[in-house]
Participant: 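Dumping the structure here so I can ask a few things about it.
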Number of protein chains: 2
Amino acid sequence: MTETIPPRAPRPARGPSMADVAERAGVSTQTVSRVANGLTNVEPATRDRVLQAMQVLGYRPNKAARALRSGRFRNIGITMFTLSTYGNMRTLDGITVAAAAAGYSITLVPVRDPTQEAVSSAFTNLVEQAVDGIILLIEAHLVDNSEVELPPGLPVVVVDSGARADYPVVDNDQTEGARLATQHLLDLGHDTVWHVAGPEGSYPASRRHESWRDTLQAHGRAVPPLFRGDWTAASGHALGLEIAHRPEITAVFAANDAMALGIMSALHESGRRIPQDVSIVGFDDMAESDSFWPPLTTVHQDFDLVGQRSIEILLEEIEHAPIVPVRSIVPVRLVLRASTGTPPHAP
Amino acid sequence: MTETIPPRAPRPARGPSMADVAERAGVSTQTVSRVANGLTNVEPATRDRVLQAMQVLGYRPNKAARALRSGRFRNIGITMFTLSTYGNMRTLDGITVAAAAAGYSITLVPVRDPTQEAVSSAFTNLVEQAVDGIILLIEAHLVDNSEVELPPGLPVVVVDSGARADYPVVDNDQTEGARLATQHLLDLGHDTVWHVAGPEGSYPASRRHESWRDTLQAHGRAVPPLFRGDWTAASGHALGLEIAHRPEITAVFAANDAMALGIMSALHESGRRIPQDVSIVGFDDMAESDSFWPPLTTVHQDFDLVGQRSIEILLEEIEHAPIVPVRSIVPVRLVLRASTGTPPHAP
DNA sequence: GGCTTGCATGTTTACGTCAACATGCTAGTC
DNA sequence: GACTAGCATGTTGACGTAAACATGCAAGCC
């Protein structure tokens with residue numbers, strides 16, 4: 001007697017198809033299709049029969065078949081490094097909401113780390129995804145240098161104004177934000193402003209850095225050496241300890257709120273008062289910045305609008321195809337709170 | 001003479017298909033398929049010709065056709081309210097990374113707001129997505145009460161231990177976390193511990209609340225009235241102002257770090273010292289908590305592990321089909337920092 | 001009554017891929 | 001030399017849907 005080992009469940013049955021619904025309702029698949037798509041030229045009685053059959057069988061349309069037929073997926077790919085920075089997270093949130101409102105879904109394609117290799121591998125991955133378009137939330141220069149080319153016909157929007165001119169771009173006004181921050185500190189009477197920048201390869205980091213430098217130069221002020229962080233509060237803290245030891249530093253512009261938080265923490269630890277001894281400005285306006293101690297003066301970015309614009313432009317490209325490399329810069333504004341004040345020896 | 005208005009580009013040509021590649025390489029589509037799938041039984045010379053043709057034409061496999069053929073999408077749907085809470089964001093991050101490692105992509109299905117109606121509408125949406133399984137990052141009770149049923153055959157994992165027993169569950173150990181926090185404050189010598197809870201409908205919020213209460217009762221301590229926040233730092237700040245006016249409050253357990261931050265900010269404002277006058281414990285261990293002022297004692301959650309476990313269990317269900325409602329509780333640990341200390345009048 | 005018109009419904013076909021089966025060539029065996 | 005085994009490659013068909021085209025019936029018109 002032979003023991004028959006049951007074959008490892010060869011994949012549970014597929015769901016019911018239009019054919020099943022059609023059979024049960026006694027109509028053709030085409031009529032089912034018409035009901036499923038809400039076309040009007042169906043007898044109410046027939047429609048009801050079909051709807052009931054769908055209900056009973058638990059029919060749900062097969063998206064793959066639909067996509068195959070129509071050539072459209074109604075799905076957008078998003079490539080990004082990490083959700084762990086506030087800006088990325090909030091931008092993704094904005095994009096997701098805007099996409100959902102337009103009836104598109106979102107496929108996340110994570111990039112392990114900000115290296116050329118990881119980006120190329122993500123692109124390879126992306127190319128095989130069922131997407132109608134792509135939003136790149138990664139450092140543009142890595143896009144430009146990637147060996148893997150994005151498929152030519154595929155609509156792309158880049159959220160980083162450092163991108164090659166041939167893609168449409170959406171970004172916050174980094175330059176204006178850094179200018180506002182630096183100017184604000186100068187206006188308070190500080191001789192100059194020190195800067196804690198983001199990591200080297202980052203485009204927003206360099207934009208903020210350049211704009212800070214330009215603003216100082218425009219006012220004929222000394223441009224102090226740069227502090228280089230990596231966006232994290234921990235890096236801000238490490239640099240903050242150094243800042244605390246240098247009494248000549250009275251004004252610091254941090255390239256994001258998390259680093260500003262770390263700096264403030266180091267200053268507290270070292271017994272330096274904010275803003276009496278040192279003034280701090282951040283960048284992002286995180287939901288928590290208002291509850292930092294002291295509440296942080298910072299540059300507010302409208303991430304929801306960035307997400308919304310990105311989707312708008314991408315859908316325009318997808319649905320009407322004229323690939324015009326638009327450049328959409330979203331305005332920022334300075335939010336004044338308690339972390340900034342006049343310098344220690346001001347009149 | 002008739003002006004012919006060109007019809008609004010009826011959708012640019014589709015990308016090249018296997019047939020195009022086959023034609024160019026002078027082989028059959030099946031051979032192209034074999035090359036595309038890395039099968040070995042192809043003459044090296046033929047393979048090269050096919051690969052070159054793919055290269056030239058910029059061929060990328062059509063996922064919809066593949067999915068249609070195989071009945072699998074290699075895609076997982078994630079339903080969640082908002083990315084704006086630290087826990088959600090980090091869990092999503094963990095899930096995304098784990099899914100990518102397993103060769104699956106992620107489709108986000110946002111839920112506008114935590115109402116029954118929005119959840120039902122998201123489910124309707126979800127049902128039409130091309131997904132092989134679903135991870136629910138929403139309050140379980142809204143799932144249970146939804147009028148829209150999830151399709152019966154579809155594998156589901158819930159990240160919320162309040163879920164119905166018929167779905168597998170992954171969650172942080174909320175109960176143990178709240179116990180650790182409360183116990184720590186009692187051990188320091190505080191008579192009792194006050195609690196700032198999360199919003200009413202939230203399951204993690206009630207778990208933490210109940211465990212705090214149980215721990216106090218187990219030690220025969222008074223259970224003070226509850227403060228009710230909404231997870232945001234702003235709500236913490238508002239409640240913190242009240243706490244600051246009540247000198248009998250010496251120890252506070254906040255249900256998350258953001259609210260703890262808000263509370264501390266209000267205490268600073270009111271001139272109350274932390275931890276000399278009031279001790280605070282949070283929950284989450286945000287990346288920034290170490291840089292709060294003072295650095296926050298809090299309960300660390302391993303969100304990456306939650307994401308990883310969720311994917312593991314879901315893939316097991318998808319690929320091997322035995323739907324066993326597992327319950328996977330991820331351990332937490334207390335991180336001691338500077339926001340807690342002995343009570344004001346301790347010996 | 002013979003005709004068109006309009007509308008509900010049915011039939012056919014193609015979308016791109018890949019499993020299953022078919023073919024045909026080469027090399028090895030007696 | 002006849003036969004077989006093994007392997008590269010080709011052909012067919014099905015997955016579920018929807019556009020395009022076809023059918024067939026009833027109402028309206030002269």
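Residue numbers begin at 1 in each chain, while the letters A, B, ... track the order of the sequences.
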Participant: Identify whether any heavy atom of A:S28 sits under 4.0 Å from a base atom; if not, whether one sits that close to sugar-phosphate; answer base, sugar-phosphate or nothing.
Facilitator: base

Participant: On DNA chain D, compare the nucleotides closest to A:P16 and A:R34; which residue's is nearer the 5' end?
Facilitator: A:P16

Participant: Taking atom C1' of C:dA19 as reference, at what distance in whole Å does atom CZ of B:R72 sit?
Facilitator: 16 Å

Participant: What integer distance in Å separates B:L39:CG from D:dT9:C1'?
Facilitator: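 From B:L39 CG to D:dT9 C1': 13 Å.
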
Participant: Could you give the angle between the helix axes at the two ends of the helix from C:dG1-D:dC30 to C:dC30-D:dG1, with five pairs per end, rounded to 10 degrees?
Facilitator: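 The angle, to the nearest 10 degrees, is 60°.
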
Participant: To check you understand the geometry: which heavy-atom pair defines the closest contact between A:E317 and A:V156, and what is its length?
Facilitator: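 Scanning both residues completely, I find the closest heavy atoms to be OE2-O, 3.1 Å.
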
Participant: Return the nearest nucleotide to the side chain of B:P61; candidates are C:dT9, D:dT17, C:dT17.
Facilitator: C:dT17

Participant: Whole Å only: how far is the CG atom of B:L68 from the P atom of C:dC15?
Facilitator: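 One finds 14 Å between P of C:dC15 and CG of B:L68, rounded.
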
Participant: Distance check: side-chain N/O of B:T46 vs OP1/OP2 of D:dT9, anything under 4.0 Å?
Facilitator: yes

Participant: Mind checking the CE-CE spacing from B:M54 to B:M18? Nearest 0.5 Å is all I need.
Facilitator: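 B:M54 atom CE to B:M18 atom CE measures 6.0 Å (nearest 0.5 Å).
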
Participant: Does B:R49 have more than 12 heavy atoms from other residues, nucleotides or ligands lying within 6.0 Å of its CZ?
Facilitator: yes

Participant: Going by modelled atom types, is there a donor-acceptor pair between the base of C:dG16 and the side chain of A:R69 at under 3.5 Å?
Facilitator: no

Participant: Within the pair A:N41 and C:dT9, is there a side-chain N or O less than 4.0 Å away from OP1 or OP2?
Facilitator: no

Participant: Check every atom of D:dT9, C:dG16, C:dA8 against the side chain of B:A65 and return the nucleotide holding the closest atom.
Facilitator: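 So the nucleotide nearest the side chain must be C:dG16.
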
Participant: Distance check, rounded to the nearest 0.5 Å: B:I95 atom CD1 versus B:D304 atom CG?
Facilitator: 10.5 Å

Participant: Between C:dC18 and B:R66, is there an OP1 or OP2 to side-chain N/O distance shorter than 4.0 Å?
Facilitator: yes

Participant: For the side chain of B:R60 and the base of C:dG16, is some donor closer than 3.5 Å to an acceptor across the two?
Facilitator: no

Participant: To the nearest Å, give me how far apart CE (A:M18) and P (C:dT13) are.
Facilitator: 20 Å

Participant: Heavy atoms only, 4.0 Å cut-off, all strands: where does B:V27 land among base, sugar-phosphate and nothing?
Facilitator: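 Touches sugar-phosphate only.
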
Participant: So, is B:T29 near the phosphate of C:dC18, with a side-chain N or O under 4.0 Å from OP1 or OP2?
Facilitator: no

Participant: Which atoms form the tightest heavy-atom contact between B:S328 and B:R309, and what is the distance?
Facilitator: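 Residues B:S328 and B:R309, closest heavy atoms: OG-NH1, 2.6 Å.
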
Participant: From NZ of B:K63 over to P of C:dT17, roughly how many Å is that when rounded to an integer?
Facilitator: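 The distance from NZ of B:K63 to P of C:dT17 comes to 13 Å, rounded to the nearest Å.
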
Participant: Measure from the side-chain heavy atoms of A:S17 and tell me the nearest of D:dT17, C:dT17, C:dA19.
Facilitator: D:dT17

Participant: Separation of A:R47 atom CZ from C:dA8 atom C1', in whole Å?
Facilitator: 12 Å

Participant: Looking at every non-hydrogen atom in both residues, tell me the closest pair between B:V159 and B:L137 and how far apart they are.
Facilitator: CB-CD2, 3.5 Å

Participant: Just checking A:Q30: base, sugar-phosphate only, or nothing, at a heavy-atom cut-off of under 4.0 Å?
Facilitator: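 Base: the residue A:Q30, judged by heavy atoms under 4.0 Å, touches a nucleobase.
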
Participant: Which pair of heavy atoms, one from A:G307 and one from A:A98, lies closest together, and at what distance?
Facilitator: O-CB, 4.3 Å

Participant: Could you check A:A19 against B:G26 and say which one's nearest nucleotide on DNA chain D is further toward the 5' end?
Facilitator: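 Mapping each residue to its closest nucleotide by heavy atoms, the 5'-most match is B:G26.
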
Participant: Below the 4.0 Å mark, does D:dC15 have OP1 or OP2 next to a side-chain nitrogen or oxygen of A:N62?
Facilitator: no

Participant: If I compare all heavy atoms of B:N75 with all of B:S105, which pair ends up nearest, and what's the gap?
Facilitator: OD1-O, 2.9 Å

Participant: Output the rounded distance in Å from OH (A:Y59) to C1' (D:dT17).
Facilitator: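 In whole Å, D:dT17 C1' lies 7 Å from A:Y59 OH.
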
Participant: Rounded to whole angstroms, how far apart are CE on B:M54 and P on C:dG16?
Facilitator: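 These atoms are roughly 15 Å apart.
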
Participant: Could you measure the distance from the CZ atom of B:R69 to the OG atom of B:S33? Nearest 0.5 Å is fine.
Facilitator: 9.5 Å

Participant: It should be established whether B:S33 places a side-chain nitrogen or oxygen under 4.0 Å from OP1 or OP2 of nucleotide C:dA19.
Facilitator: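 No.
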
